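Small disclaimer: the values here were computed from a predicted structure and weren't measured. Sequence lines set the chain letters: A, B, ... in the order given, protein chains first and strands last, and positions in each chain run from 1.
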Amino acid sequence: MSRNDVAREVERQLEVMAEGAEQLVGADELRPRLEAALREDRPLRVKLGMDPSAPDLHLGHTLVLQKLKRFQDLGHLPIFLVGDFTARIGDPSGKKKTRPALDAETVRANAETYVDQVGKVLDVSRAELRFNSEWMDPMGAADVVRLCQRATVAQLLAREDFSQRYRAEEPIGVHELLYPLVQAYDSVALHADVELGGTDQTFNLLMGREIQRQYDQPPQAIVTHPLLVGTDGREKMSKSLDNGIGITEAPEEIYGKVMRISDELMLRWFDRLGFGEWGDLAPARDAVAGGAGDPLALKHDMARRVVARFHGNEAGEAAAAHFRRVVQRKELPEEIPEVRLEGESEGLGLLAIIARAGMAKSNSEARRLVAQRAVKLDGQAVNDPGTSLPRGGPYLLQVGKRRVAQVWID
RNA sequence: GGAGAGGUACCGAAGCGGUCAAACGGGGCAGACUGUAAAUCUGCUGGCUCAUGCCUUCGGAGGUUCGAAUCCUCCCCUCUCCA
């Protein structure tokens, strides 16, 4: 690459790095390093921390992963940092119940699950997986004190949730103040060039820059991404609020969940999720935003692409077909699961069948569903909860719109 | 160490001796409607082959009472204020 080519490439990459991001801090310090890396044909080291206690990734997490993939596509090296040391002490900010300290084995298992899930978004074979116990465990008390010298209480209290709690006279454990420091030191140990995270991580990421300077390293650039609003359109997406779309969910599930967000939320998601990839849909998006256009078509496109991100294009198409068929045309799905139940001498009562087939939690619930005319047998609504079926089959059983099975009674 | 508040169904929250399987809201499920699995409206939302029936449930264990989520005793847990 000529000098000019390199310069151009540096600017191009910086642009990519900023796509869809809330903030890119430290571009100026990164520029010469990126330039050198390109010249010497070596990757930048791009850190992403993971919480080893919550390995269930959802669509919100994928914003950052999507960006990490972009880095990888640019030839850089993703480093997943598992905060296993940190996890063993206990969770800081989450003022919930003291999470039980995780043992090494659980952390390993969680990390594996995490990598599995991340593998749906980017190529994990071209990435590093590290655990911060690697350098934290060998540290002595003196080392820890030395690390603490690198920051002041005032600096730490500047963090929003700390200052808030301080003002509110809520307790702040001393060890909690250590968290940002440890996380920052991880960047030192990893020689991180860039660290990614959600906007909620801004403070910790910035602390990494401070501490790296203290250890005579050039400060990492940080790229923060906005948090994604959940399917409820109100709160940020999180597992505990059950308003998320899990990365490992079935394609039809993901598709359906995207389809049922409000049109207004759809636009916000588009802007968050689409960076760098959905440019071709931008006109359609703008049309919808302007009150014209076809919201349903756009939503279909988005749903298909979200599914494709995790499960591939084919699954995206299949999920789209499934939705059109089952939800829009109210037809039976192409594949109906088969259920075999053990019958009694007389056969089996309908309520028991529904419950045992896992289509209701209990006989009582099945009874209520029948009363609500939600149960169909071979296409006919059932009115009598006392219905009983002789052995044999297959019986086509539908409970509500989304539960269908072919039942055999043996 | 001292003072106080509280633990109720999936969540929040009423109830404070019988009419309580427990108001109300959220969530969930179902039905209608719909471009949509959205919005809206309506119903349901402990278990039991279903019953003016039985069983389990209001932090835990005992007790008072014909009868307790409600009163008493002890215990466990959470929170707030003061030191």
Side-chain angles (χ1 to χ4, degrees), chain A residues 94-100 165 167-171 229-235 237-245 249-270 284 287-288 291-304 306-307 319-333 341 343-376 380-390 397-404 409:
Chain A
K95 194 173 104 95
K96 306 201 164 171
K97 290 159 200 161
T98 325
R99 291 189 191 167
R165 285 160 65 190
R167 258 183 278 123
E169 303 188 344
E170 279 166 25
V229 175
T231 50
D232 56 11
R234 265 176 243 128
E235 311 277 346
M237 189 173 283
S238 84
K239 196 187 167 194
S240 53
L241 292 171
D242 198 26
N243 62 357
I245 297 182
E249 285 186 63
E252 306 83 60
E253 251 337 276
I254 296 175
Y255 198 97
K257 282 190 179 181
V258 175
M259 286 309 290
R260 66 170 139 162
I261 62 176
S262 69
D263 289 357
E264 186 245 351
L265 180 60
M266 166 173 73
L267 295 176
R268 285 199 277 162
W269 274 22
F270 185 95
V288 171
D294 185 347
L296 184 62
L298 179 60
K299 212 185 275 181
H300 271 297
D301 281 329
M302 284 175 59
R304 194 177 325 108
V306 170
V307 172
H322 180 270
F323 187 88
R324 291 208 152 87
R325 180 187 176 106
V326 175
V327 178
Q328 295 190 286
R329 294 202 302 268
K330 302 188 198 303
E331 293 168 8
L332 292 171
L341 298 173
E344 283 148 26
S345 52
E346 305 287 303
L348 206 52
L350 182 66
L351 301 180
I353 293 172
I354 294 170
R356 288 196 212 168
M359 298 168 94
K361 286 197 196 89
S362 63
N363 285 14
S364 298
E365 188 177 290
R367 179 179 299 279
R368 280 179 225 123
L369 288 164
V370 169
Q372 289 175 123
R373 290 201 217 100
V375 177
K376 278 194 213 163
Q380 291 293 309
V382 180
N383 294 315
D384 178 13
T387 306
S388 182
L389 299 180
L397 189 60
Q398 287 166 272
V399 178
K401 288 175 187 130
R402 306 179 63 187
R403 285 163 276 181
V404 195
I409 303 169

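What separates CZ of R329(A) from C1' of rU36(B) is a distance of 15 Å, to the nearest Å. Between the CD atom of Q398(A) and the P atom of rA30(B) there is a distance of 13 Å, rounded to whole Å. Here the P atom of nucleotide rU49(B) and the CD1 atom of I353(A) are 13 Å apart, to the nearest Å. A straight line from CG of N243(A) to P of rG26(B) spans 17 Å, rounded to a whole angstrom. Between R402(A) atom CZ and rA30(B) atom P the separation is 8 Å, expressed in whole Å. In this structure, I354(A) places its CD1 atom 17 Å from P of rC29(B), rounding to the nearest Å. The distance between atom CH2 of W269(A) and atom C1' of rA38(B), rounded to the nearest whole Å, is 12 Å. The CZ atom of R260(A) sits 20 Å away from the P atom of rC33(B) (whole-angstrom rounding).
For K330(A), counting side-chain heavy atoms from C-beta on, the closest listed nucleotide (rU36(B), rU34(B), rA30(B)) is rU34(B). The side chain of P295(A) sits closest to rG35(B) out of rG35(B), rC33(B), rC44(B). Nearest nucleotide to the side chain of F323(A), out of rA37(B), rG35(B), rA30(B): rA37(B). Of the listed nucleotides (rC50(B), rA30(B), rG35(B)), rC50(B) has the atom at the smallest distance from the side chain of R367(A). The nucleotide whose nearest atom lies closest to any side-chain atom of S364(A) is, among rC48(B), rC29(B), rG46(B), rC48(B). In this structure, of rA30(B), rG47(B), rC48(B), it is rG47(B) that holds the atom nearest to the side chain of R368(A).
Both M259(A) and S362(A) lie close to RNA chain B; mapped to their nearest nucleotides by heavy-atom distance, the more 5′-ward contact belongs to M259(A).
Dashed line: the shortest gap from a side-chain N or O of R324(A) to OP1 or OP2 of rU36(B) is not under 4.0 Å. Taking side-chain N and O atoms only, S388(A) has no distance below 4.0 Å to OP1 or OP2 of rU49(B).
Within the 3.5 Å criterion, the main-chain N or O of N243(A) finds a donor-acceptor partner in the side chain of T231(A). Between the side chain of R373(A) and the main chain of N383(A), no donor-acceptor pair closer than 3.5 Å is present.
Figure legend. rU40(B) is base-paired to rA32(B); pairs are counted as Watson-Crick or G-U wobble with both atom distances under 3.5 Å. Pairing for rC58(B) is absent, judged as Watson-Crick or G-U wobble with the two contacts each under 3.5 Å. Pair assignment for rC71(B): rG63(B), on the basis of Watson-Crick or G-U wobble contacts that are both within less than 3.5 Å. Pairing for rA13(B) is absent, judged as Watson-Crick or G-U wobble with the two contacts each under 3.5 Å. In this structure, rC79(B) and rG4(B) make a Watson-Crick or G-U wobble pair, each of the two defining distances being under 3.5 angstrom.
Taking atom P on both nucleotides, rU45(B) is separated from rU36(B) by 29 Å, rounded to a whole Å. Between rA14(B) and rG2(B), the distance separating the two C1' atoms is 32 Å to the nearest Å. One P atom belongs to rU57(B), the other to rG63(B), and the distance between them is 16 Å to the nearest Å. Taking atom P in both rC44(B) and rC54(B), the straight-line distance is 24 Å, to the nearest Å. Separation of the C1' atoms belonging to rG67(B) and rG18(B) is 6 Å when rounded to the nearest angstrom. Nucleotides rG17(B) and rA68(B), compared at atom C1', are 6 Å apart to the nearest Å. With C1' as the reference atom, rG6(B) and rC58(B) are 14 Å apart, rounded to whole Å. The P atoms of rC20(B) and rA69(B) are separated by 12 Å, rounded to the nearest whole Å.
Between Y255(A) and H300(A), the ring planes are tilted. Angles from 30° to 60° get that label.
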(request) Determine, stepwise, if the pair L350(A) / L397(A) fulfils side chain to side chain contact (heavy atoms under 4.5 Å, CB included). (result) CA-CA 10 Å; L350(A) 182 66; L397(A) 189 60; 4.0 Å; yes
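The shortest non-hydrogen separation linking V258(A) to I245(A) is CG2-CD1, 3.8 Å.
As judged by a 4.0 angstrom heavy-atom cut-off over every strand, G400(A) is placed among residues touching the sugar-phosphate backbone only. Across all strands, K257(A) comes closer than 4.0 Å to no nucleic acid atom at all (heavy-atom distances). Base engagement by D263(A) is indicated by at least one non-hydrogen atom pair under 4.0 Å involving a base atom.
To the nearest 0.5 Å, the span separating NZ on K299(A) from CD1 on I261(A) amounts to 6.0 Å.
Contact check for R260(A) versus K257(A): side-chain heavy atoms found under the 4.5 Å cut-off. Side-chain contact check for E252(A) versus V326(A): every heavy-atom pair is 4.5 Å or farther apart.
A donor and an acceptor atom never sit less than 3.5 Å apart when one is taken from the side chain of Q372(A) and the other from the base of rG31(B).
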